[in-house]
Every structure is written in C-alpha cells, then in structure tokens.
2 protein chains.
Amino acid sequence: MAVATGERVRRAAVKLFATKGFHGTGIRDLAQAAKLSSASLYHYMGTKEELLAGIMRDCLRNLLDEATTALEGVSDPVERVRRLVTVHVTAHARQPNETRVADDNIEVLSPRLRRDVVRLRDDYEALWSDTIEEGLREGVFDTAQPTVTRIAVLDMCTGVARWYSSRGPLSLRLLAEHHVELTLRALGVRVSAGCGLANSRDPQACPGAAAEGRSWGE
Amino acid sequence: MAVATGERVRRAAVKLFATKGFHGTGIRDLAQAAKLSSASLYHYMGTKEELLAGIMRDCLRNLLDEATTALEGVSDPVERVRRLVTVHVTAHARQPNETRVADDNIEVLSPRLRRDVVRLRDDYEALWSDTIEEGLREGVFDTAQPTVTRIAVLDMCTGVARWYSSRGPLSLRLLAEHHVELTLRALGVRVSAGCGLANSRDPQACPGAAAEGRSWGE
DNA sequence: GCGAACCGATCGATCGATCGGTAGCCTCTT
DNA sequence: AAGAGGCTACCGATCGATCGATCGGTTCGC
C-alpha cells in the first residue's frame, strides 16, 4: 500500500480541520476523505477530539524541536531571532494546514487534552521570550513593550500559514528573510545598510505572494 | 426594556461565535444566551448564517467608515499609517469579539453572503495598500516586499483582538501607539529619536497586556 | 381585528459514537 | 498438514442526541 491507513486519516483530518474547522468537519466527511467507513475511523483515531489533539501536539512538538535544534550553541540574540523566525515562517509556509490547526483550535480542546498542547506552546514561546529579554539586556534590542512586540511578531509570522502559496512569485527563502527583517526592525535592531539582510529598495512591481487577492475568501 | 430583543440576539451571537465558533454554536445556545426560545430567534435573525453575515458586514463597515473618516484630508503617508493603525488596533481592542468574528469566518459564508463581506474587506485593505504605495513613491517608506509587509502588519494589528485586555496594565492609548511604532518600523520609516512616538527604553518590568499567559488557552 | 412578539412541539437531517459482525493473516498445537 | 485461536483491518446498521428550521398557535398593545 502506498500510504498507511492511519496516515491517510491523519492527513485527511489536517486538511479538513484546516479548511472547514473542527466543528465544521463531520466524521463522515473525514471517513470519505480518508476512503474509509466512519466506523473504521475509530480503529485509528480515538475520538474526533483526540485526533485533533494528536495533530496539534505533533505539530507543536515538531516546531519546538526544530527551534531548539536551530538555537543550539547560538547565543547572539540577533542570530537567535533570525533562526527562530526562519524556523517559524518556514514551518508555517510549508505546512500551513498543520500549523493552522495547531494555532486555531486550542480553545476547542477539553481541559484534559488542552494541557499538553498549552505546555508545548508555552515552552516554544519561552524560547522567544528568553531571546528577546537577553537581547534587551545586552542592549541590541530596543522596544518599549517587549511582550507586545513578541506577540505581534509571532502573530505576523504565524499569519504566513493563512496566505502564503509556494506557487506564488515569492520564494520560501525570500519570505523567511523578509520576516527576519520585519522582526529585527520591530525589535529595534539597527541593520547596518548593505550588509547581511540589508533591504535595498526593490522597485519591481509588488512581488506579493499568492497574487494580490490573498488566499482566503477568494 | 433595557436592551431591545434583536440587539440581545446580536450580542449573544457575537459573544458565542467569537468564543465557540460559528459551527460550535447551536441555535439553542444562542436562544439561551439571548433569553429567548429557539423558535423566537427566527423572528429576529434570518438563518443562522445570515445572522453571522450581518455581524461581519456591520463590523467591517464600521471599520471602513472609521478609517475613511480618520484619513479625510490627510495626505502624508506616515500620518495616514498612524491613523490607520490607531483605528484598526483600537477597534480590535475595544470590540474583540466583533472583529474576531469578522476576521475568522469569511470561509464559512456561502458565496452569496460572502461577496459583500469580501468587498468590504478589500475596500478596507485598499486604504492600506494605497497608503503604503504612496509612501514608497514618496520615498518615506522602505520595504522590499510591500505586499508581504502590509499583510504582516495587518495580521499583527488584528491579533490584538485575540489577547488584549483592557483590564491589563497596558492602556489602549499605549497599545495603539506601540503598534504605530511597530508598523512604521516595519515600513522602514526612520523615526527621529526623542520626537513624536519615540521609543525610549522603558525598563519597567514587561508591562505586557493581560498578564503573561495570553488570553487564549488558559 | 391586525400585526408584532413570542413559544411548545416537532420536523427531517445529521451529529459523534458503538454495535456485532466478516475476511484475511499469523502463530501455535497436535 | 490440519485445524484452532487470536489479531488486525475493516464495515453495515444503528444508537441516542442534537442539529437548523418550521409549524400552528397565544398574548397583547394599538
């Protein structure tokens, strides 16, 4: 067999939860998309909610692992931010469905299933908080409201999952680099002109991502 | 009577749709929250979906009107951005439920109801696009990917609805000013130090919004 | 006596979940 | 070699609950 059945179920759930929402997806939709009877579904998932929680957990664990690895041995706050943003943006651009499911459904989970997910999210965000605090301590960052700035930057990088299309004119690399630049600017880092990720005015006509119309709502 | 029944229905819907989602909210939940029988509900709303569309339409119309008014007679791109951000952030902080419903449910609407809402959203975003383009033309903005920057800034300002609490230590005024600063930085505006919204390093311990734990997911 | 405001009862459809089953394969026993 | 038993993989049928929506009413101010 090409793809294991359990994996088919997981993938169908990711796609449907991302596009129609958890409550908007029935188990019969799920069964049809996974080419299975709704009864057989229960051989692979626990409840529908446990399936959701599993997807969210795996997605966040991946993100946390990737970020942790990317930060290993790196102490310069600017370089740490570069890597955090790159990992975050890349993950959200490459797996928009997984990340959207993980980002948008915390409130759906019952307390029992929510706990693990929230802990993973908090651990992940702690990487950002710690890095920003260290940058402030060293005097390389300059922002009056570090917490607000952190949330704002995370929101902006997370949003990528909602509009980026790899079929658009913007490469994944450029996308990540641009978000690194936006983030460093938000953090008040003075980017020395012409060096590193310097931002030359590029007059080419608006190479926005998936055409002007954003992907959501036609 | 204190509040008209129709208004009670509307408010209940806003709160429930924002917290539990459209598909997560049943008409019986709605009826209970509005202190009405589920049958009487239909005397005030059309279908549940039309109720949603009405909320979204009104919210976006409000935002568009406020922004248009705020921009009247203002041609300086920097000042226009200041006002756009202030209107956007203030609306999202003051009416987080309305704006979340308007922002998160476009894909839920059937094409017929979606059209008007999408047009309003596009008209609103055009204010941002035009302003940013003008700023680039005048040379006061500096960003290599204007479209990406616009989307990123909008996402970051929209996110306010998901975490800001007026009961937190951060005033609405400071919140808006900080987002103006973040946005101008993202757009590559050089803020002359010590003037206007200058950003002095403020060492007070992280006056983040609704306590550290963000509002979503405990 | 008419319309606005409201509701109990109930519609058919769909919800998430479970039931008792069957088919095929692997292992162990004799 | 033959069979017994058990396990994974799957499904048709159906459970009770709930879904969004509609019906035929009643009450009440104008």
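What you see is a predicted model, and the numbers here were worked out from it, not measured in a lab. Within every chain, numbering begins at 1; the chains are lettered A, B, ... in the order of the sequence lines, protein sequences first and strands thereafter.
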Is Arg83(A) reaching over with its side chain to a backbone N or O of Ala70(A), donor-acceptor style, under 3.5 angstrom? yes
In whole Å, I'd like the distance from the CZ atom of Arg28(B) to the P atom of dA17(D). 14 Å
Flag the pair Arg10(A) / Ile55(A) as yes when at least one side-chain heavy-atom distance between them is below 4.5 Å, and no otherwise. yes
Between Met45(B) (CE) and dG20(D) (P), how many Å, whole number? 8 Å
Applied to residues 20-40 of chain A, the salt bridge (Lys or Arg N to Asp or Glu O under 4.0 Å) test, sequence neighbours excluded, yields Lys20(A)-Asp29(A)
For DNA chain D, whose closest nucleotide is more 5', that of Gly26(B) or that of Leu36(A)? Leu36(A)
Please give, in whole Å, the distance from dA5(C) P to Arg8(B) CZ? 12 Å
Look at the aromatic rings of His88(B) and Tyr124(B) and report parallel, tilted or perpendicular, splitting at 30° and 60°. parallel
What closest approach, in Å, do Val180(B) and Val85(B) show between heavy atoms, and which atom pair accounts for it? N-CG1, 3.6 Å
To the nearest angstrom, how far is Lys48(A) atom NZ from dG16(C) atom C1'? 8 Å
Grab the CD1-C1' distance between Ile27(A) and dG12(D) for me, whole Å please. 14 Å
Atom CD of Glu50(B) to atom P of dG20(D): distance rounded to whole Å? 14 Å
Gap between atoms NE2 and C1', on His43(A) and dG16(C) respectively (whole Å): 19 Å
Reckon Leu41(A) touches a base, only the sugar-phosphate, or nothing at all at heavy-atom distances under 4.0 Å? nothing
Quick one: list whatever passes ring pair (Phe, Tyr, Trp, His ring centres under 6.0 Å) with Phe22(B), sequence neighbours left out. Phe17(B)
Name the pairs: protein N/O against N/O of nucleotides 18-26 of chain C, kept only if under 3.5 Å.
none

Given atom CZ of Phe17(A) and atom C1' of dG16(C), what is their separation to the nearest angstrom? 12 Å
